[in-house]
There are 2 protein chains.
Amino acid sequence: MREEGYASITTRRLGAKAGVHPQLVHYYFSGMDDLFLELWRRFTNHYLARQAQAFVSPNPVRTVWEHDSELQDASLLAELMALAGHREALRDEITTSVERFRAMQASALSPAMDDLGLKEVFGSPEVLALCMVGLARVLAVEERLGISSGHAQARAAMARWLDQLESKSRPDAKRRTPQASKT
Amino acid sequence: MREEGYASITTRRLGAKAGVHPQLVHYYFSGMDDLFLELWRRFTNHYLARQAQAFVSPNPVRTVWEHDSELQDASLLAELMALAGHREALRDEITTSVERFRAMQASALSPAMDDLGLKEVFGSPEVLALCMVGLARVLAVEERLGISSGHAQARAAMARWLDQLESKSRPDAKRRTPQASKT
DNA sequence: GTCTATATAATGATAGAC
DNA sequence: GTCTATCATTATATAGAC
């Protein structure tokens, strides 16, 4: 799906990829809707768990940005939302979990809004969350197609801004590198 | 395509929608690739012409934002980019025109970068363009699915920010309403 | 659980009458 | 330009042998 879009997901291709006969797909899933639903649930479970990190992070803004930016998944997510446009069963599941996810991000970002003076520009943490996910997703989708105009500069600007925020919150601390510690 | 996604575009459905027989699609287009290419070209022609306004606008930032935000087309564009992921002929056409479009937006935004102090945060006009198109597209795609968490607030924050920019560039002028004059 | 075989429907596409 | 007729291909899905 990441490589060729949701329309190319068929029982035959899945079977071929898994090295089994396509009919087995119907043994494991009750149909294509069920299959996509299961994929989405795996996706959200992974991310909801991952997103919990933002609550204990010293800089939730950076943490949220890093999660939003996980390239492969960001473009997969765009694909799933396109798919949801014409699969009712998926749409309901996606809308509720996206809203839950956004609320979670917002509450993780909330303390930073006042501390770092972000309230003035963004107003609410939801808006900050929307801006970051928006930028991350354009970058992901475009890079999948081979478009790169301004991408490096955008990532650099984001890194600069995050560093700036960090020095605001802890003026004595040194800059954190993008990759977190391995523990 | 806006309503049900690119996968639901078939010769039969197009024929039904147009009130003619599906075989006529092959009379007008050499195939599905050609059909999507034609759609994309119409799309870009419309927007490249429209985008020229940004060069003569008193506030190019607002103009670019308004163009990016045209709801229906923003979600259609997301759909087309998803489609491009597995249609080579489309991909080449899309990548080149997106890059051309971005360069155009950037050069329209360029003078505002220095005047309004945007260079400090965004660095280059391409980055500003990416941020705006990112936010606009998330809003569009999500709204199509019925998701609205933070959307109203995001639009309000954007309106506030644009007004702020405007008062910076012309301190004596009054706020412009979102809709431009009719002439 | 995995396979063969098959049902049924929809797809993109072509040939040719009018 | 629009139609009828038809093609090969692919899709989801089911039944039943092993």
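Letters A, B, ... mirror the listed sequences (proteins, then strands); counts begin at 1.
- Every residue two or more places apart in sequence or in another chain that forms a side-chain contact (heavy atoms from CB on, under 4.5 Å) with A:Arg87 is listed here: A:Met32, A:Asp33, A:Phe36, A:Leu83, A:Leu90.
- Shown here are the side-chain contact (heavy atoms from CB on, under 4.5 Å) partners of B:Asn45, two or more places apart in sequence or in another chain: there are none.
- Listed by first and then second residue, the ring-ring contact (aromatic ring centres under 6.0 Å, His included) pairs that reach into residues 82-116 of chain B are B:Tyr6-B:His86, sequence neighbours excluded.
- Atom pair B:Leu14:CG and C:dT11:P shows a separation of 10 Å (rounding to whole Å applied).
- Across all strands shown, B:Tyr28 has heavy atoms under 4.0 Å from sugar-phosphate atoms exclusively, and none from any base.
- For A:Ala106, the side-chain contact (heavy atoms from CB on, under 4.5 Å) partners two or more places apart in sequence, or in a different chain, are A:Pro125, A:Glu126.
- Whole-Å rounding puts the B:Leu24 CG to C:dT14 C1' distance at 14 Å.
- Base pairing in DNA chain C gives the following stems of 3 or more Watson-Crick or G-U pairs, range against range and under 3.5 Å: C:1-7 with D:12-18, C:9-18 with D:1-10.
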Donor-acceptor contacts, no H, no angles, side chain residues 109-123 of chain B, under 3.5 Å, sequence neighbours left out:
{"residue": "B:Asp114", "atom": "OD1", "partner": "B:Lys119", "partner atom": "NZ", "Å": "3.4"}

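- Rounded to whole angstrom, the span from the NE2 atom of A:His21 across to the P atom of D:dT10 amounts to 17 Å.
- A:Arg137 places no side-chain N or O within 3.5 Å of a backbone atom of A:Ala78 that could act as its donor or acceptor partner.
- A search for side-chain contact (heavy atoms from CB on, under 4.5 Å) contacts involving B:Arg100 returns B:Leu48, B:Ser97, not counting sequence neighbours.
- Atom P of nucleotide D:dT2 and atom CZ of B:Phe29 are separated by 12 Å, given to the nearest angstrom.
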For nucleotides 11-18 of chain D, read 5' to 3', which letter fits each nucleotide if B means a protein heavy atom sits under 4.0 Å from the base, S means only the sugar-phosphate is that close, and - means neither? BBBB----
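- Applying the side chain to side chain donor-acceptor pair (under 3.5 Å) rule to pairs touching residues 12-27 of chain A yields A:Glu4-A:Arg13, sequence neighbours excluded.
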